[in-house]
Q: 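First, the structure itself, so that you have it in front of you.
A, B, ... follow the sequence lines: proteins, then strands. Residue 1 opens every chain.
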Number of protein chains: 2
Amino acid sequence: MPKAKKRSDCPVSCSLDIWGDKWSLLIVRDLLFAKECTYGDFLKSAEGISTNILAARLLALEENRIIEKLPHPDSKAKVLYRLTRKGIDLLPLMIEINLWAEKYFSIPEDRKAMLKEVKKDKTGFIKALTKKLES
Amino acid sequence: MPKAKKRSDCPVSCSLDIWGDKWSLLIVRDLLFAKECTYGDFLKSAEGISTNILAARLLALEENRIIEKLPHPDSKAKVLYRLTRKGIDLLPLMIEINLWAEKYFSIPEDRKAMLKEVKKDKTGFIKALTKKLES
DNA sequence: TATTTTTACTTGCATTTTACAAGTGTAAAG
DNA sequence: CTTTACACTTGTAAAATGCAAGTAAAAATA
């Protein structure tokens, strides 16, 4: 588990203290796309996170109120993770990451299609997806 | 030095492969604010990066064309670092980080003042600062 | 000119974090 | 009743980080 010790009062530094590693924002990404994920869903992502790291990151994100755990409606054996409002509010940041990456890397077609929508009306896109994720 | 091995084709993942650690974006932050920094300038930042980590990060950012080294006009003993266009283009992302942090943390007054300007005209703010950094 | 200081790193090593493999406990399915 | 699914935990080697000290070239100072 990474400690959440604050390095400075800078907002950038404080933010990185929470999600400034190679995995946390991928978890957030999965949840922004899927709205709800189980532990197993995260493991299925292309990057191949290991189980112990996933558990540690989920705990840290939960402790920092970025995500929350919910009981799965179908089974007690499953757990649902979803974003809190604080986590949903990372959407603008996530969009800018994608836009930057689109400019400097080659990215998958489906993501390009999404960004086309974003560029048409960024504010509208954010509002619509936020609403969907909150419901 | 961290390896730059690509974990997937996801733009978020590719981005994190480059600057997804606790220090890289702080270096970018310093350069977005100051336009140019020496090695010693980075060491002065409040977070207290150690010299070996700083050297490793500067090298990785340079290899990924986020920053570039320039000879210092006053002295051969000094080195100037500045952002490339690719690095300057991280400004929208940096702004969203600050906006998110402002909502969920208490942040310094001077940063609040900056964000007030951002909120008045985000596009204008980005264009103006980009122009300044490019010159 | 000789010496000291500044600047940008490098090196060594202890501590922490990560990655990989395997295992555990509970719930659900057959 | 046994097997499978699911969400983790544990152990350990590899890698990254943090800290202190050291180095080499250039600049400032005596």
Q: How many angstroms lie between CD1 in A:I49 and CG in A:D30, if you round to the nearest 0.5 Å?
A: 9.0 Å
Q: Distance check needed: C:dT17 C1' versus B:W23 CH2, whole Å only.
A: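 Distance check: B:W23 CH2 to C:dT17 C1' gives 15 Å.
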Q: Please confirm whether B:R57 makes a cation-pi placement over B:W19, using NZ or CZ under 6.0 Å from the six-membered ring centre and within 45° of the ring normal.
A: no
Q: If I take atom NZ from residue B:K78 and atom CG from residue B:D41, how far apart are they, to the nearest 0.5 angstrom?
A: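 Reported to 0.5 Å precision, the distance equals 8.5 Å.
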Q: Mapping A:K76 and A:I53 to their closest nucleotides on DNA chain C, which lands nearer the 5' end?
A: A:I53
Q: Hey, what are the protein-to-nucleotides 1-10 of chain C N/O distances that come in under 3.5 Å?
A:
unit_1	atom_1	unit_2	atom_2	d
C:dA8	OP1	B:V79	N	3.2
C:dA8	OP2	B:G40	N	2.9
C:dC9	OP1	B:K69	NZ	3.4
C:dC9	OP2	B:Y81	OH	2.5
C:dT10	O4	B:T51	OG1	2.7

Q: Could you list the residues that satisfy side chain to side chain contact (heavy atoms under 4.5 Å, CB included) with B:T123, not counting sequence neighbours?
A: B:D121, B:K127
Q: What integer distance in Å separates B:E47:CD from D:dG18:P?
A: 12 Å
Q: Take the protein atom CG of A:L16 and the nucleotide atom P of D:dT17, then report the distance between them rounded to whole Å.
A: 13 Å
Q: Considering only side-chain heavy atoms of A:S75, which listed nucleotide, D:dA26, C:dT18, C:dA28, is closest?
A: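 Of the options given, the side chain of A:S75 lies nearest C:dA28.
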Q: Mind checking whether A:L43 and A:I53 sit in one hydrophobic cluster, side chains of I, L, V, M, F, W, Y counted as touching below 4.5 Å?
A: yes
Q: To the nearest Å, how far apart are B:I49 CD1 and D:dA20 P?
A: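 After rounding, the gap between these two atoms is 16 Å.
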Q: Is a donor on one side and an acceptor on the other found under 3.5 Å between the side chain of B:T84 and the backbone of B:I66?
A: yes
Q: How long is the line joining CZ of A:R7 and C1' of D:dC19, in whole Å?
A: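 Computing the A:R7:CZ to D:dC19:C1' distance gives 16 Å.
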Q: Just how far, in rounded Å, is P of C:dT18 from NZ of A:K22?
A: 11 Å
